[in-house]
Trainee: 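Encoded as structure tokens, here's the structure I'll be asking about.
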Amino acid sequence: MQKAAAKGLLLLLGLFFCAPVLFLLSGSVLSRYELQESLRPLMADTEKLITWRFFPVYPTFSHYGRILFQTPQFFIVFWNSMKIAVCILLGQLLIAVPAAWAFAVYPFRFRRILFTLYIVLMLMPFQVTMLSSYLVLDGLEMMDTHKAIILPAVFSTYPVFLIYRGFCNLPRGLMEAARIDGAGEWTIFVKLGLPLASGGILSAMVLGFLEYWSLIEQPLAFLEDQTLWPLSLYLPEISLEQAGYSFVASVITLIPAVFVFLSGREYLEQGIVASALKE
């Protein structure tokens, strides 16, 4: 009886958390007339509550056709989002992975102090570093370019922290045995470190994609040219009169994030568990 009640409670909670997604999916296939009838109180700015049908009477895919075949600017901002996210993740692979390896494997001087500084920087929100970042990027003449978004994120400390925990779990005896057998540091890093800590690396990449796919504050602060805007800034530009297109754009924006999350869910769980372990 208790198990059935617990399962029922979890099912209700699951439906509650899935309600926004169901709301988007149903809104994307509602006809323009049904959307206007449902959102009329919101558009008229009255005190009446909106009504909503999760199962449309006359479902239509015309909004999808309009977005996919008659709105070229949508593909521009979609490509901007993909370009920013992929370039950041590739840059983090080149910077964060070797940095995490150095922190985890080599006992150099002031290692703990420097790593503590990394954690402090990780805890700082963008609002704290926005002005200094703006001055540096302006001095480098990178303002109003995608480099202004990509470069600071490449040197983010958060992936270093996640990947570092994965490297800390590597057996030291195995690395010492490899050194005794004549393996160089680069060979140990490539043949032992990367395969054994792949869970932490992939979890950092999954979390990074979910974050950088939906960036809002950084593009607003550093990008003036709207042709450079990512998809996360395109959605607020859709007016209420185009509510159907807004729902469709939101659904399409959600698809890559859901795909990446489902593909890397196992590695994400491994990375979270590894980051929770004490050194």
Trainee: Can you tell me if Ser214 uses its side chain to pair, donor with acceptor, with the backbone of Leu210 under 3.5 Å?
Mentor: yes
Trainee: In this structure, are over 12 heavy atoms from other groups packed under 6.0 Å from Glu141 atom CD?
Mentor: no
Trainee: Decide whether Ile180 and Leu192 are clustered together by the hydrophobic rule: side chain heavy atoms of Ile, Leu, Val, Met, Phe, Trp, Tyr closer than 4.5 Å, transitively.
Mentor: no
Trainee: Membership question, hydrophobic clusters at under 4.5 Å side-chain separation (ILVMFWY): are Leu194 and Tyr164 in the same one?
Mentor: yes
Trainee: Atom CZ of Arg111 and atom OG1 of Thr116: how far apart are they, to the nearest 0.5 Å?
Mentor: 10.0 Å
Trainee: When rounded to the nearest 0.5 angstrom, what distance separates CZ in Arg112 from CG in Leu114?
Mentor: 12.5 Å
Trainee: If we ignore angles and hydrogens, is there a donor and acceptor under 3.5 Å between the side chains of Gln73 and Gln226?
Mentor: no
Trainee: If only atom types and distance count, is the side chain of His146 paired as donor or acceptor with the main-chain N or O of Leu228 below 3.5 Å?
Mentor: yes
Trainee: Give a yes or no on whether the backbone of Ala153 and the side-chain of Gln92 come within a donor-acceptor separation of less than 3.5 Å.
Mentor: yes
Trainee: Assess the residue pair Val251 and Tyr64 against the criterion (side-chain contact (heavy atoms from CB on, under 4.5 Å)); give the C-alpha distance rounded to whole Å, side-chain angles, the decisive distance to 0.1 Å, and a yes or no.
Mentor: CA-CA 10 Å; Val251 171; Tyr64 284 92; 3.8 Å; yes
Trainee: For the backbone of Asp225 and the side chain of Asp144, can you confirm whether one donor and one acceptor N or O come within less than 3.5 Å of each other?
Mentor: yes
Trainee: Can you tell me how far apart CG (Leu220) and CE (Met130) are? Round to the nearest 0.5 Å.
Mentor: 10.5 Å
Trainee: Will you find, in the side chains of Glu185 and Tyr106, an N or O donor that is under 3.5 Å from an N or O acceptor?
Mentor: yes
Trainee: Is Ile119 close to Thr157 at the side-chain level, that is, under 4.5 Å between some pair of heavy atoms?
Mentor: no
Trainee: Mind listing the closest non-hydrogen atom pair of Thr60 and Leu30 along with its distance?
Mentor: CG2-O, 3.6 Å
Trainee: Counting C-beta onward and ignoring hydrogens, is there a side-chain heavy-atom pair between Leu215 and Ile149 closer than 4.5 Å?
Mentor: yes
Trainee: For a quick test of reading the model, state the closest non-hydrogen atom pair linking Val190 to Pro195 and the distance between them.
Mentor: O-CD, 3.2 Å
Trainee: State plainly whether one hydrophobic cluster holds both Phe61 and Leu68, where clusters connect Ile, Leu, Val, Met, Phe, Trp and Tyr through side-chain heavy atoms under 4.5 angstrom apart.
Mentor: yes
Trainee: Which atom pair, heavy atoms only, marks the closest approach of Ala100 to Phe167?
Mentor: C-CD1, 3.7 Å
Trainee: Please report the interatomic distance OG1(Thr145) to CG(Leu223), rounded to the nearest 0.5 Å.
Mentor: 7.5 Å
Trainee: So do Val105 and Phe189 actually touch side chain to side chain, heavy atoms under 4.5 Å?
Mentor: no
Trainee: Is there a side-chain contact between Pro152 and Leu137 (heavy atoms, below 4.5 Å)?
Mentor: yes
Trainee: Begin from the C-alpha positions of Glu217 and Gln127 and carry the test side-chain contact (heavy atoms from CB on, under 4.5 Å) through to its verdict.
Mentor: CA-CA 9 Å; Glu217 295 175 327; Gln127 292 82 357; 2.6 Å; yes
Trainee: Between the side chains of Gln70 and Tyr245, does any donor sit under 3.5 Å from an acceptor?
Mentor: no
Trainee: Could you tell me if the side chain of Ile201 sits less than 4.5 Å from the side chain of Val97, heavy atoms only?
Mentor: yes
Trainee: What are the two closest heavy atoms between Ser81 and Ser232, and how far apart are they?
Mentor: OG-N, 4.3 Å
Trainee: Run the side-chain contact (heavy atoms from CB on, under 4.5 Å) check on Val120 and Phe115 step by step: do they pass?
Mentor: CA-CA 9 Å; Val120 172; Phe115 189 73; over 6 Å; no
Trainee: What's the separation between atom CZ in Phe261 and atom CG in Leu207, rounded to the nearest 0.5 Å?
Mentor: 9.5 Å
Trainee: Measure centre to centre between the rings of Phe78 and Trp213, then say whether the value is under 6.0 Å.
Mentor: yes
Trainee: Hey, quick one: are Phe222 and Ile76 part of the same hydrophobic cluster, counting side-chain heavy atoms closer than 4.5 Å, chains of contacts allowed?
Mentor: no
Trainee: Which pair of heavy atoms, one from Ser28 and one from His63, lies closest together, and at what distance?
Mentor: O-CD2, 3.6 Å
Trainee: Yes or no on side-chain contact (heavy atoms from CB on, under 4.5 Å) for Val29 and Phe247, after CA distance, side-chain angles and deciding distance?
Mentor: CA-CA 9 Å; Val29 295; Phe247 281 113; over 6 Å; no
Trainee: Roughly how far, to the nearest 0.5 Å, is OG of Ser198 from CE of Met205?
Mentor: 12.5 Å
Trainee: Is it true that a side-chain atom of Ser132 and a backbone atom of Thr129 form a donor plus acceptor pair closer than 3.5 Å?
Mentor: yes
Trainee: Please check if Trp79 and Ile67 belong to a single hydrophobic cluster, counting links between Ile, Leu, Val, Met, Phe, Trp and Tyr side chain heavy atoms closer than 4.5 Å.
Mentor: no
Trainee: Quick one: closest heavy-atom pair of Pro230 and Ile84, and the distance?
Mentor: CB-CD1, 4.4 Å
Trainee: Considering residues, nucleotides and ligands other than Phe126, do more than 12 of their heavy atoms fall under 6.0 Å from its CZ?
Mentor: yes
Trainee: Which of parallel (below 30°), tilted (30 to 60°) and perpendicular (above 60°) describes Tyr158 and Phe161?
Mentor: parallel
Trainee: Once you measure the plane-to-plane angle for Phe108 and Phe103, does it fall in the parallel (<30°), tilted (30-60°) or perpendicular (>60°) bin?
Mentor: tilted
